[in-house]
2 protein chains.
Amino acid sequence: MTNKYYFVGGQQGPWKVTGMSAYRGAELTVVERIEIGNGEQVPAATGARWTLAGFTSNVRYATGAEIKELKARQQGLGRPEATSAVLIPIRKSAKWWELAQDERRAIFEETSHHTAIGMDYLPAIARRLHHSRDLGEPFDFLTWFEFAPEHAPAFDELLARLRASKEWDYVDREVKIRLTGLKPKA
Amino acid sequence: MTNKYYFVGGQQGPWKVTGMSAYRGAELTVVERIEIGNGEQVPAATGARWTLAGFTSNVRYATGAEIKELKARQQGLGRPEATSAVLIPIRKSAKWWELAQDERRAIFEETSHHTAIGMDYLPAIARRLHHSRDLGEPFDFLTWFEFAPEHAPAFDELLARLRASKEWDYVDREVKIRLTGLKPKA
């Protein structure tokens, strides 16, 4: 299952935690480093306090036109200058999950402009979404954002706009983990 | 993870295989019985030849109006008279998964009437959908159908209508496993 990713919070890994805070709901134990694994094997990490798992999947809300625009604008993870990262685990309420597909789509995009907001920060803020709810995880989604340090203010604005949206009425747990890459990239 | 289900094909289990056939793509090894497990543990079964896993999840295409109608009409699994079952593992093509949400919804319902067709056979034909693709499984979906033996012709008609739909152009592997319950139900 190569679409599966693990984020292990502990004392080891190439990403140093520079800040951790709960925005809504329960805290997550503060750790020093994060190790990331891809595949079936949970990566070993010294002093591991927690492991979060998720999988990448097909798009759930974006239309053909939105995907075309995203593909034209976005860049991948791992850019040499993208040494800042933020991991945001969120959980949505039971009320959200009981909604039908058209009701969720209407809140997600027509009301909250989730995709459109993210688009405003491309290509600077790259991201990868991991789905966790179907794995019985404590969070529903893990979003990994990666950007050059000078784009940190842009990231903060992106996050503030999403949190101010109607969609965020359905977020009942959210933690923000700020990170700095320790290894120089190729 | 209590939304996870295992179907183990072998020589043990409460469901006796009365027929197995590949409709599209590669066959699945013919077995005598099927054992079903729910949770993290793969159930042990004598002479197991294969194990298929999937999870139940939120609806991916149905609108609020469709869900309301489904809830009003459908009945659960495990009805005493529902001693016939069919397990249909299917895989959809890469082309399907590259489509956007609106494009998949349009083929699924506006063109192929998937939900509407299923609705025509409620409450007689009960079903439970399991998602497998995100687990890296050989199939994308496992659908379990359960009904009283006298509704077998209705089931055949339901299946023929789905297979004749535009959506089925995107099905590249499908196996049908017919089953009879061996244990009298409470």
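The local environment of CD in A/Q41 is sparse, with at most 12 non-hydrogen atoms from other residues, nucleotides or ligands closer than 6.0 Å.
Applying the salt bridge (Lys or Arg N to Asp or Glu O under 4.0 Å) definition to pairs two or more places apart or across chains, none involves residues 10-27 of chain A. Judged as a salt bridge (Lys or Arg N to Asp or Glu O under 4.0 Å), the pairs with a partner in residues 87-101 of chain B (not counting sequence neighbours) are, in order, B/R91-B/D172, B/K92-B/E167.
Checked by atom type and distance alone, the side chain of B/N3 pairs as donor or acceptor with a backbone atom of A/D134 at under 3.5 Å.
Neither A/Y170 nor B/I67 shares a network with the other; the hydrophobic side chains, linked directly or stepwise wherever heavy atoms of I, L, V, M, F, W or Y lie under 4.5 Å apart, form separate groups for each. Grouping the Ile, Leu, Val, Met, Phe, Trp and Tyr side chains by contacts below 4.5 angstrom, directly or via other members, places A/L129 with A/L159. Under a hydrophobic clustering in which Ile, Leu, Val, Met, Phe, Trp and Tyr are joined whenever their side-chain heavy atoms come within less than 4.5 Å, directly or via other members, A/W50 and A/Y23 fall into different clusters. Residues A/L179 and A/M20 fall within the same hydrophobic cluster, defined by Ile, Leu, Val, Met, Phe, Trp and Tyr side chains chained together at heavy-atom separations under 4.5 Å. Both B/W97 and B/W168 belong to a single network of hydrophobic side chains, linked directly or stepwise wherever heavy atoms of I, L, V, M, F, W or Y lie under 4.5 Å apart.
Using non-hydrogen atoms only and a strict 4.5 Å limit, the part of residues 99-106 of chain A facing chain B consists of A/L99, A/A100, A/Q101, A/D102, A/E103, A/R104. Inspection of non-hydrogen atoms places B/T56, B/S57, B/N58, B/V59, B/R60, B/Y61, B/A62, B/T63, B/G64 of residues 56-66 of chain B under 4.5 Å from chain A.
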